[in-house]
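Below is one structure; the comments refer to it alone.
By convention in this document, chain letters (A, B, ...) are assigned in the order of the sequence lines, proteins followed by strands, and residues within each chain are numbered from 1.
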Amino acid sequence: MGKLTAFAAGLIFGLGLLLAGMANPAKVLGFLDLAGAWDPSLALVMAGAIAVALLPFTLARKRQQSLLGLPMQLPTKREIDRRLIGGSLLFGIGWGIAGICPGPAVAIFLTGHWQVLLFVAAMLIGMALFEALERRERAQ
Amino acid sequence: MSIDWLHFTPWSALAGGALIGLAAGIFVLANGRVAGISGLLGSLFSRSREGLGEKALFLLGLLVAPLLWQLFTALPVIEFQGGWLSIALAGLLVGLGTRYGAGCTSGHGVCGLSRLSPRSLAATLAFMVAGFASVFVIRHLLGA
């Protein structure tokens, strides 16, 4: 059952991204271009998503187990540190260069554009690099 | 600042956003997990096998979404900017940055803000500001 709800959630997430316009890098860049002709659509994507997700997350925070009896695994870290801000800044710079973030990258992966294949390959290399650097740090 | 009314799509943005919120809500209530795409992708590289089946199935659902979409209607326009070098650089920064920052637009933006996490708010502000600055430099200072 948990596998089924996970698949359904991923599918709905992807359809939402496509409908919202997030899957089109040109539209994302239109939102990030405050000084040009600004397309505010993506602010409404965020607003719509949070409006709907607020109640489920409020309920989830009060539970130890999910409705299917699986452990509730909400993030526990609270520190606002250099890693968080530095990493987020790097992510934002990359997001502004191509207009693609991880969700849409997966959602348009099978649409046959070479750009997204290259983007995902580079993104996975970046993630693997992170793992390698982390392991080296822990080994020291 | 001038608003681009021609490309502004408030209703599909709100409806698509609502679907994203619904999906995140299902995943947290049924599976007890945060629908953060960079975290789910990153866990493919982690040595921990915890919940790998559920995580992979969420990603599989996301991956096949356009195929389901195409059964009913044509895919929306997908337009890219930049040559191969800038796309590769962007991918590398997004991969590295989201793992150091422990989240992206979905994990910190949608899920983190929905659970009122100050940490996620700080991360979201940081990547939004960097995104705005990045586009400003590329389009208006470098003129690319």
Check against side chain to side chain contact (heavy atoms under 4.5 Å, CB included), B/Trp69 and A/Leu19: CA-CA 10 Å; B/Trp69 178 287; A/Leu19 178 62; 4.0 Å; yes
Test side chain to side chain contact (heavy atoms under 4.5 Å, CB included) applied to B/His7 and A/Phe31, step by step: CA-CA 10 Å; B/His7 291 104; A/Phe31 169 72; over 6 Å; no
Side chain to side chain contact (heavy atoms under 4.5 Å, CB included) between A/Leu15 and B/Leu68, worked out: CA-CA 8 Å; A/Leu15 295 176; B/Leu68 179 67; 3.9 Å; yes
Side chain to side chain contact (heavy atoms under 4.5 Å, CB included) between A/Leu133 and B/Tyr100, worked out: CA-CA 11 Å; A/Leu133 292 170; B/Tyr100 270 108; 3.7 Å; yes
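Proximity to chain B is absent for every atom of A/Gln65, based on heavy atoms less than 4.5 angstrom apart. The contact between B/Arg115 and chain A is made by backbone and side chain atoms together, counting heavy-atom distances below 4.5 Å. Residue A/Pro40 touches chain B through both its backbone and its side chain, counting heavy-atom pairs closer than 4.5 Å. A/Pro75 touches chain B through backbone and side chain together, each having a heavy atom under 4.5 Å away. Heavy-atom distances place both the backbone and the side chain of A/Leu11 under 4.5 Å from chain B. For chain A, no part of B/Ser117 is nearby; none of its heavy atoms comes within less than 4.5 Å. For chain A, the nearby parts of B/Ala24 are the backbone and the side chain; heavy atoms of each come within less than 4.5 Å. Looking at A/Lys27, the atoms closer than 4.5 Å to chain B (heavy atoms on both sides) all sit in the side chain, from C-beta outward. The contact between B/Phe132 and chain A is made by backbone and side chain atoms together, counting heavy-atom distances below 4.5 Å. Both the backbone and the side chain of A/Val116 come within less than 4.5 Å of a heavy atom in chain B. If you measure heavy-atom distances from A/Arg82 to chain B, you find no contacts under 4.5 Å at all. In this structure, the portions of B/Ser46 lying under 4.5 Å from any heavy atom of chain A include both its backbone and its side chain. With a threshold of 4.5 angstrom between heavy atoms, B/Leu60 approaches chain A through its backbone and through its side chain. Contact of B/Leu75 with chain A is made through the side chain alone, with heavy-atom distances under 4.5 Å. Heavy atoms closer than 4.5 Å to chain A are found in the side chain of B/Leu89, but not in its backbone. The part of B/Leu67 that comes within reach of chain A is its side chain, from C-beta onward, which places non-hydrogen atoms under 4.5 angstrom from that chain. Looking at A/Ala51, neither its backbone nor its side chain comes within 4.5 Å of chain B, counting heavy atoms on both sides. Using a 4.5 Å cut-off between heavy atoms, B/Ala102 makes no contact with chain A at all. The contact between A/Gln115 and chain B is made by backbone and side chain atoms together, counting heavy-atom distances below 4.5 Å. Neither the backbone nor the side chain of B/Trp11 comes within contact range of chain A; no heavy atoms are under 4.5 Å apart.
A/Leu74 and B/Ile26 sit in two unconnected hydrophobic clusters of ILVMFWY residues. Membership requires side-chain heavy atoms under 4.5 Å apart, directly or through other members. By the criterion of side-chain heavy atoms lying less than 4.5 angstrom apart, applied directly or through intervening Ile, Leu, Val, Met, Phe, Trp or Tyr residues, B/Val34 is not grouped with A/Leu68; the two fall into different hydrophobic clusters. Both A/Trp114 and B/Leu63 are assigned to one and the same hydrophobic cluster, defined by single-linkage of ILVMFWY side chains at heavy-atom distances under 4.5 Å. Hydrophobic clustering places B/Ile3 together with A/Leu32 (ILVMFWY residues linked when any side-chain heavy atoms are closer than 4.5 Å, directly or through intermediates). By the criterion of side-chain heavy atoms lying less than 4.5 angstrom apart, applied directly or through intervening Ile, Leu, Val, Met, Phe, Trp or Tyr residues, B/Leu93 is not grouped with A/Val120; the two fall into different hydrophobic clusters.
When each of B/Gly83, B/Gly82, B/Gly109 is scored by its heavy-atom pairs under 4.5 Å with chain A, the top score falls to B/Gly109. Between chain A and the options B/Pro10, B/Ala90, B/Gly25, B/Ala122, heavy-atom pairs under 4.5 Å are most frequent for B/Ala90. Note: B/Ser12 leads B/Ser12, B/Gly103, B/Gly39, B/Gly51 in heavy-atom pairs under 4.5 Å with chain A. Your options are B/Ser120, B/Gly112, B/Ala56, B/Gly101, and the one with the most heavy-atom pairs under 4.5 Å with chain A is B/Gly101. Most heavy-atom pairs under 4.5 Å with chain B: of the set A/Leu90, A/Thr58, A/Leu34, A/Ile125, this distinction falls to A/Leu34. The residue among B/Glu79, B/Arg33, B/Lys55 with the most heavy atom pairs within less than 4.5 Å of chain A is B/Glu79.
Under the 4.5 Å side-chain criterion, counting only non-hydrogen atoms from C-beta, A/Leu54 is in contact with B/Leu116. With a 4.5 Å cut-off on side-chain heavy atoms, B/Ile20 and A/Met46 do not count as touching. Two residues are said to be in side-chain contact when any heavy atoms from C-beta on lie closer than 4.5 Å; A/Gln73 and B/Glu50 meet this criterion. Side chains of A/Phe57 and B/Val110 form no contact here, defined as non-hydrogen atoms less than 4.5 Å apart. Counting heavy atoms from C-beta on, the side chains of A/Ile108 and B/Pro66 never come closer than 4.5 Å.
Note that the CG atom of B/Leu41 and the CG atom of A/Leu124 stand 6.5 Å from one another [nearest 0.5 Å]. To the nearest 0.5 Å, atom CZ of residue A/Arg135 and atom CZ of residue B/Arg47 are 3.5 Å apart. Note: B/Glu54 CD to A/Thr5 OG1 = 7.0 Å, rounded to the nearest 0.5 Å. Atom CZ in A/Phe91 sits 5.5 Å away from atom SG in B/Cys104 (nearest 0.5 Å). To the nearest 0.5 Å, atom OG1 of residue B/Thr105 and atom CD1 of residue A/Ile100 are 11.5 Å apart. Atoms CD and CD1, on B/Gln81 and A/Ile97 in that order, are 9.5 Å from each other to the nearest 0.5 Å.
Shortest non-hydrogen contact noted between B/Pro118 and A/Ile80 is O-CD1, 3.9 Å. Closest of all the heavy-atom pairs between B/Thr9 and A/Ser41 is N-OG, 3.0 Å. Looking at every heavy atom in both residues, B/Pro76 comes nearest to A/Leu18 through CG-O, 3.8 Å. Closest heavy-atom contact between B/Ala123 and A/Leu84: CB-CD1, 3.9 Å. In terms of heavy-atom proximity, A/Met127 sits nearest to B/Thr98 at CE-OG1, 3.9 Å. Closest of all the heavy-atom pairs between A/Gly96 and B/Ile138 is O-CD1, 4.0 Å.
In the displayed structure, B/Trp5 atom CH2 is contacted under 6.0 Å by at most 12 heavy atoms of other residues, nucleotides or ligands.
Taking the six-membered ring where tryptophan is involved, the planes of B/Phe58 and A/Phe13 are perpendicular, since the angle between them exceeds 60° and thus also 30°.
A donor-acceptor pair under 3.5 Å is absent between the side-chain atoms of B/Arg119 and the main chain of A/Arg78, judged by distance alone. Using modelled atom types, one side-chain atom of B/Asn31 and one backbone atom of A/Gly2 make a donor-acceptor pair closer than 3.5 Å.
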